[in-house]
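Heavy-atom basis, side chains included; hydrogens, waters and symmetry copies ignored. Nothing here was measured: the structure is a model prediction, and the numbers come from that model.
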Amino acid sequence: MKKEFLSDDDIFLYFEIISEIEPKSVLDLGAFLQAVGSVSRSAKGLSVPAETRLDTFTDTILLPVFNRIYNHIYHKTSELNVKYELTISIKNKLSREQIQWILHNSKYILVDYFTWNKLDEFKDNVKTLEIFSGESKYMLIFTQEY
């Protein structure tokens, strides 16, 4: 899973969507918090509540501190066995297998607009909401599977 450059808009929206939805469980694809240089559940004065289950799926090796930040760290799609209220994937390149798993195991999914444009074959099965943050555009997907 390769991650592109993350902006302040990405950081703000990551935390804002968690604050707005108030999910009990979040799957952070690509270890977003590591990618933005955070060594806690916060960045830029924003944070993920301690009571929120925060897991990540990443193909990179994480520093030991992330074992305290994330409740669980997955390295293979086959290890994922939990349903999530919210999955966040900002500027990740996802495989077809990963996309299908996310759509069937998440209530809400936040993706950047570039990723959304790659999901043509899945668009008919979901409801969406466009979100703008600064100069960036995102899509919040409401699945029917959760």
Side-chain angles (χ1 to χ4, degrees), residues 1-119 121-123 125-129 131 133 136-146:
M1 193 176 317
K2 185 177 178 185
K3 185 167 292 285
E4 298 177 20
F5 174 74
L6 294 166
S7 69
D8 284 347
D9 294 335
D10 300 328
I11 296 167
F12 173 77
L13 191 61
Y14 177 92
F15 291 103
E16 187 62 23
I17 205 73
I18 292 172
S19 174
E20 288 294 319
I21 292 176
E22 297 181 339
K24 290 181 176 46
S25 59
V26 176
L27 177 60
D28 167 1
L29 292 176
F32 184 88
L33 293 173
Q34 175 176 281
V36 298
S38 180
V39 291
S40 69
R41 287 180 167 228
S42 8
K44 299 197 178 271
L46 304 164
S47 64
V48 176
E51 62 275 5
T52 302
R53 178 187 170 113
L54 181 62
D55 294 350
T56 191
F57 175 85
T58 182
D59 57 5
T60 61
I61 296 183
L62 300 179
L63 298 172
V65 69
F66 289 96
N67 290 322
R68 287 184 271 136
I69 295 169
Y70 292 107
N71 295 90
H72 196 87
I73 299 170
Y74 297 100
H75 294 285
K76 295 180 183 173
T77 308
S78 61
E79 296 174 344
L80 292 165
N81 59 3
V82 177
K83 291 190 179 274
Y84 293 91
E85 280 188 68
L86 174 63
T87 295
I88 300 175
S89 179
I90 299 176
K91 297 184 179 167
N92 290 305
K93 298 190 190 284
L94 303 175
S95 71
R96 181 172 168 50
E97 174 190 15
Q98 290 168 331
I99 292 166
Q100 288 177 323
W101 187 93
I102 294 163
L103 286 168
H104 291 288
N105 292 282
S106 302
K107 184 174 183 179
Y108 304 102
I109 305 164
L110 178 69
V111 295
D112 57 276
Y113 211 72
F114 178 79
T115 301
W116 172 246
N117 286 330
K118 301 266 184 202
L119 302 179
E121 71 182 277
F122 304 104
K123 289 181 179 180
N125 300 324
V126 295
K127 293 180 182 177
T128 59
L129 173 67
I131 300 174
S133 179
S136 301
K137 189 174 178 181
Y138 307 85
M139 192 64 73
L140 183 61
I141 302 166
F142 304 84
T143 70
Q144 300 172 10
E145 294 291 334
Y146 191 81

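Proximity of a side-chain donor or acceptor of R41 to a complementary backbone N or O of P49 within less than 3.5 Å is detected. Of the possible donor and acceptor atoms, none in the side chain of N105 sits under 3.5 Å from a partner among the backbone N and O of Y84. Put simply, the side chain of K107 never gets that close to the backbone of P23: no donor and acceptor are under 3.5 Å apart. Judged by distance alone, the side chain of T128 and the main-chain N or O of I141 form no donor-acceptor pair under 3.5 Å. Side chain of S89 to main chain of V111: no donor-acceptor pair is present (N/O by atom type, distance under 3.5 Å, no hydrogens or angles). Side chain of T52 to backbone of V48: no donor-acceptor contact under 3.5 angstrom is found. In terms of modelled atom types and a separation under 3.5 Å, the side chain of N71 and the main chain of L54 share a donor-acceptor contact. Panel note: side chain S42, backbone S47; no donor-acceptor pair is recorded below 3.5 Å. The backbone N or O of T60 lies less than 3.5 Å from a partner atom in the side chain of T58, making a donor-acceptor pair.
If you look at Y138 and Y113, their ring centroids are not closer than 6.0 Å. A distance below 6.0 Å separates the ring centres of H72 and Y74.
Each of L62, V65, D28 was compared with Q34 under the side chain to side chain contact (heavy atoms under 4.5 Å, CB included) criterion, and only L62 meets it.
Here the CG atom belonging to D8 is positioned 12.5 Å from the CG atom belonging to L13, to the nearest 0.5 angstrom. With rounding to the nearest 0.5 angstrom, the CH2 atom of W101 is 12.0 Å from the CG atom of L94. Atom CD of E22 and atom CD of E51 lie 9.0 Å apart (nearest 0.5 Å). Interatomic distance, CG of D112 versus CG of N92, reported as 8.0 Å (0.5 Å rounding). Residue K44 holds its NZ atom at 10.5 Å from CZ of F15, rounded to the nearest 0.5 Å. Between I109 atom CD1 and L27 atom CG the span is 10.0 Å, to the nearest 0.5 Å.
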Test T143 against I102 for side chain to side chain contact (heavy atoms under 4.5 Å, CB included), laying out the working first. CA-CA 9 Å; T143 70; I102 294 163; over 6 Å; no

Evaluate side chain to side chain contact (heavy atoms under 4.5 Å, CB included) for E97 paired with I99, printing each intermediate quantity in order. CA-CA 5 Å; E97 174 190 15; I99 292 166; over 6 Å; no

I90/L110 under side chain to side chain contact (heavy atoms under 4.5 Å, CB included): CA gap, chis, key distance, verdict: CA-CA 7 Å; I90 299 176; L110 178 69; 4.2 Å; yes

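With a 6.0 Å radius and a threshold of 12 heavy atoms from other residues, nucleotides or ligands, K24 has its NZ atom at or below the threshold.
No side-chain heavy atom of H75 sits less than 4.5 Å from a side-chain heavy atom of F57. Taking the side chain as every heavy atom from C-beta outward, I73 and D55 never approach each other to under 4.5 Å. For the pair I18 and L86, the minimum side-chain heavy-atom distance is below 4.5 Å.
Take E16 and apply the side-chain contact (heavy atoms from CB on, under 4.5 Å) test, not counting sequence neighbours, and it matches F12, E20.
Considering every non-hydrogen atom in both D10 and S136, the closest pair reads OD1-OG, 4.4 Å. Between F66 and L33, the shortest heavy-atom contact is CE2-C, 4.2 Å. The minimum heavy-atom distance linking I11 with A43 is given by the pair CG2-CB, 4.2 Å. Closest of all the heavy-atom pairs between H104 and K83 is O-NZ, 3.2 Å.
Using a 30° and 60° split on the angle between ring planes, F32 and Y14 fall in the parallel class, below 30°.
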